[in-house]
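The structure appears right after this line, and notes come after that.
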There are 2 protein chains.
Amino acid sequence: MKHKTNNLGEPKKTPAVAVDTLIFSVIDNKLKILLIKILGGAYKNKWAIPGGLVDTNESLEKAASRILSQKAGVDGIYLEQLATFGDPKRDSRGHSVSVAYFALVNDKLFYPKTTEYYADIAWKNVDTLPTMAFDHKKIIEYGKERLMSKLAYSNIAYALLPKEFTLTELQSVYEAVLGKVLDKRNFRKKVQEIKLVKETTRTRQLGANRPAKLFIFTQRHPRIMDIL
Amino acid sequence: MKHKTNNLGEPKKTPAVAVDTLIFSVIDNKLKILLIKILGGAYKNKWAIPGGLVDTNESLEKAASRILSQKAGVDGIYLEQLATFGDPKRDSRGHSVSVAYFALVNDKLFYPKTTEYYADIAWKNVDTLPTMAFDHKKIIEYGKERLMSKLAYSNIAYALLPKEFTLTELQSVYEAVLGKVLDKRNFRKKVQEIKLVKETTRTRQLGANRPAKLFIFTQRHPRIMDIL
DNA sequence: GCAAAAGTGTTTAGACTACACCCATGC
DNA sequence: GCATGGGTGTAGTCTAAACACTTTTGC
């Protein structure tokens, strides 16, 4: 906080500030995370979560959005701060403090495409990660825990689904994140009782079977509520 | 994360990194926080939570401990990361990112004494705060929320109490933090059922009344458990 | 009429809430 | 014997969990 200066009046040396963002989605009933492959340098060809340095006079949230937009082509998604990692050895090239963010997207919204910044970009299963650069494996584990608990006590699942969805789709998002099967009747009863979702008049039919009612979230803004 | 450099090979400019620590305690059945009064500069005589800049090659936790020890004479307490605040306007003197930590102490352990770094240091009621510097009021509110919820689903109350305590003392810590009265019978039943505490053979007698059994925490390390 | 996914209720056990009186002590 | 805080049990309500069959559709 206090901008102490040394006896030369120069600012004291502090670590660099970066933001790194975990982008989660549920695809094919699996919890996935968007990873990038590093182009060059000490960590060449290692996978990492997208991130970059924060500019002075830029807020952390703005930096996170800017970096995601510039480097991964991802825009306008739900973002929430996760935690800050500052171990001096987390990056072998010098001390940087990373403020980790946590984002949820509905995969239908966008397909990753490599940019000039990265060697590759891809959705990876969260529980079979490739070798990760820095302390990113730890950050992902931490983020997964957060996601699991937020799903249980808030409505953020809305960020993982399209506007309209079936209750089966909603349930399988929960099952993919939590890694366990849920009781269909109890689940449906609960999400309607607590007004997490409400039904529309529309239906969707995929195969040769009964059409499913389409539902929407009662609120598409983060809100605390007991779900499981 | 990535240490981008500009075309001169100089490191890109990022904000300064500080840590600020919320030190909570329950004193006289009130939730209090340890505040310092700033000595000079733009925020002279405003109150703030103790903090300071992080050195390069110093971890955030180490920086927090060091600063608390140097500047407030507080050592060896429970510390946990709260969140990071990075609004460019949070400090009028320049952009700094503050990693806020959250500490709990048993007031019996120490009495604040002013150091050369501050004009004053004192315990203040959390719900009647003086005018605060920076965005510290917001940080305190955030920390109070965290404390309230952690008390409900973990055993961290141990950090607010001495080794041995009565159930009445334990209950009033909960009541002070949560700001509401709890049912004595239900509270006692619960904390023993879930083995949050266990009784000792010792008792304590204060006034002209029945002596109270003394209890200890079953575990004095952070652990998740449903309490309320 | 059959395959495939959607949809729907009831029972049971455990947890949480509300609530009032006796106990041990010092003076 | 009275004032003070310590200590205890039960009944009613609510919530969570377990569980299986009927419906609608396309072919």
Side-chain angles (χ1 to χ4, degrees), chain A residues 26 28-29 148-149 151-155 157 161-162 164-176 178-216 224-228, chain B residues 26 28-29 148-149 151-155 157 161-162 164-176 178-216 224-228:
Chain A
V26 173
D28 300 334
N29 294 338
M148 287 170 72
S149 66
L151 220 50
Y153 73 81
S154 82
N155 66 341
L161 286 153
E164 292 186 324
F165 50 87
T166 66
L167 290 185
T168 302
E169 287 171 335
L170 177 62
Q171 183 173 343
S172 58
V173 163
Y174 271 83
E175 291 179 339
L178 301 177
K180 66 179 176 194
V181 298
L182 301 173
D183 181 274
K184 185 161 67 159
R185 279 173 288 192
N186 293 337
F187 183 80
R188 286 165 178 242
K189 214 182 309 164
K190 195 68 188 285
V191 296
Q192 294 185 82
E193 244 169 46
I194 65 173
K195 304 201 196 311
L196 176 68
V197 297
K198 60 182 182 219
E199 69 177 64
T200 66
T201 54
R202 295 179 22 86
T203 59
R204 169 189 302 157
Q205 192 174 356
L206 286 162
N209 49 36
R210 179 169 176 174
K213 284 183 194 154
L214 287 172
F215 286 75
I216 56 173
I224 303 296
M225 40 170 40
D226 245 37
I227 296 175
L228 303 180
Chain B
V26 174
D28 300 332
N29 294 338
M148 286 171 72
S149 68
L151 221 49
Y153 73 81
S154 82
N155 67 340
L161 286 154
E164 292 187 323
F165 50 87
T166 67
L167 290 185
T168 301
E169 287 171 337
L170 177 61
Q171 184 172 343
S172 58
V173 163
Y174 271 83
E175 291 179 339
L178 301 177
K180 66 178 176 194
V181 298
L182 301 173
D183 181 273
K184 184 160 69 157
R185 279 174 289 193
N186 293 338
F187 183 80
R188 285 164 180 243
K189 214 183 308 164
K190 196 67 190 287
V191 297
Q192 295 185 81
E193 243 169 50
I194 64 173
K195 303 201 197 311
L196 176 69
V197 297
K198 59 182 183 220
E199 69 178 63
T200 65
T201 53
R202 295 181 20 87
T203 60
R204 169 190 302 156
Q205 192 173 356
L206 285 162
N209 50 35
R210 178 169 174 175
K213 283 183 196 156
L214 288 171
F215 285 76
I216 57 173
I224 303 295
M225 41 170 39
D226 248 36
I227 296 175
L228 302 180

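To find a chain, count down the sequence lines: A is the first, B the second, and so on, and within it residues start at 1. What you see is a predicted model, and the numbers here were worked out from it, not measured in a lab.
Rounded to whole Å, the distance from CD on A/Gln171 to C1' on C/dT8 is 14 Å. Taking atom CG of residue B/Leu182 and atom C1' of nucleotide C/dC16, one finds them 13 Å apart after rounding to whole Å. We find that CZ of B/Arg188 is positioned 14 Å from C1' of C/dC22, with the value rounded to whole Å. As rounded to whole Å, 16 Å separates atom C1' of C/dC23 from atom CG of B/Leu167. As a whole-Å value, the separation of B/Phe187 CZ from D/dG7 C1' is 14 Å. Summarising the geometry, the separation between NZ on B/Lys213 and C1' on C/dA24 is reported as 12 Å, rounded to the nearest angstrom. The distance between atom CG of B/Leu170 and atom C1' of D/dG7, rounded to the nearest whole Å, is 15 Å. Distance, B/Glu199 CD to D/dG6 C1': 13 Å, rounded to whole Å.
The salt bridge (Lys or Arg N to Asp or Glu O under 4.0 Å) check on A/Arg202 picks up A/Glu164, with sequence neighbours excluded. By the side-chain contact (heavy atoms from CB on, under 4.5 Å) test, B/Asn209 is found to be paired with no residue, residues two or more places apart in sequence or in another chain being considered. Listed by chain and residue number, nothing satisfies the salt bridge (Lys or Arg N to Asp or Glu O under 4.0 Å) test with B/Lys195 (two or more places apart in sequence, or in another chain). Here B/Lys190 pairs with nothing under the side-chain hydrogen bond (donor to acceptor under 3.5 Å, both in side chains) rule; sequence neighbours left out. The salt bridge (Lys or Arg N to Asp or Glu O under 4.0 Å) check on B/Arg204 picks up B/Glu169, with sequence neighbours excluded. By the side-chain hydrogen bond (donor to acceptor under 3.5 Å, both in side chains) test, B/Ser149 pairs with no residue at all, sequence neighbours left out. With sequence neighbours left out, the salt bridge (Lys or Arg N to Asp or Glu O under 4.0 Å) criterion links B/Lys184 to no other residue.
B/Ser172 places no side-chain N or O within donor-acceptor distance of the main-chain N or O of B/Asn29, the cut-off being under 3.5 Å.
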> How far apart are the C-alpha atoms of A/Gln171 and A/Val191, what are their side-chain angles, what is the distance that settles it, and do they pass the side chain to side chain contact (heavy atoms under 4.5 Å, CB included) test?
Replying inline: CA-CA 10 Å; A/Gln171 183 173 343; A/Val191 296; over 6 Å; no
> Taking it one step at a time, do B/Leu214 and B/Thr203 satisfy side chain to side chain contact (heavy atoms under 4.5 Å, CB included)?
Replying inline: CA-CA 5 Å; B/Leu214 288 171; B/Thr203 60; 5.6 Å; no
> Which is it for B/Val197 and B/Leu167 under the side chain to side chain contact (heavy atoms under 4.5 Å, CB included) test, yes or no, and what are the steps along the way?
Replying inline: CA-CA 9 Å; B/Val197 297; B/Leu167 290 185; 4.2 Å; yes
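Contact annotation: A/Thr168 side-chain N/O to C/dA6 OP1/OP2 distance is under 4.0 Å.
Residues B/Ile194 and B/Asp226 are not in side-chain contact: their nearest non-hydrogen atoms beyond the backbone lie 4.5 Å or more apart. Put simply, the side chain of A/Lys198 reaches to within 4.5 Å of the side chain of A/Ile216, judged on heavy atoms.
From one end of the helix from C/dG1-D/dC27 to C/dC27-D/dG1 to the other, with five pairs defining each end axis, the axis direction shifts by 10° (rounded to 10°).
A ring-ring contact (aromatic ring centres under 6.0 Å, His included) check over residues 185-211 of chain A, counting only residues at least two apart or in different chains, returns the pairs A/Tyr174-A/Phe187.
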Identify the pairs formed between an N or O of the protein and an N or O of nucleotides 13-15 of chain C at a distance under 3.5 Å, and give each distance.
none

Anything under 3.5 Å between a protein N or O and an N or O of nucleotides 9-11 of chain D, put it in a table, one pair a line.
{"from": "D/dT10", "atom 1": "O4", "to": "B/Lys189", "atom 2": "NZ", "distance (Å)": "3.0"}

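Residues A/Leu214 and B/Asp226 both approach DNA chain C. Their nearest nucleotides, taken by heavy-atom distance, put A/Leu214 toward the 5′ side.
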> In the 5'-to-3' direction, what one-character label does each nucleotide of nucleotides 21-27 of chain D receive under the scheme B = base within less than 4.0 Å of a protein heavy atom, S = sugar-phosphate only, - = no such atom?
Replying inline: --BBBS-
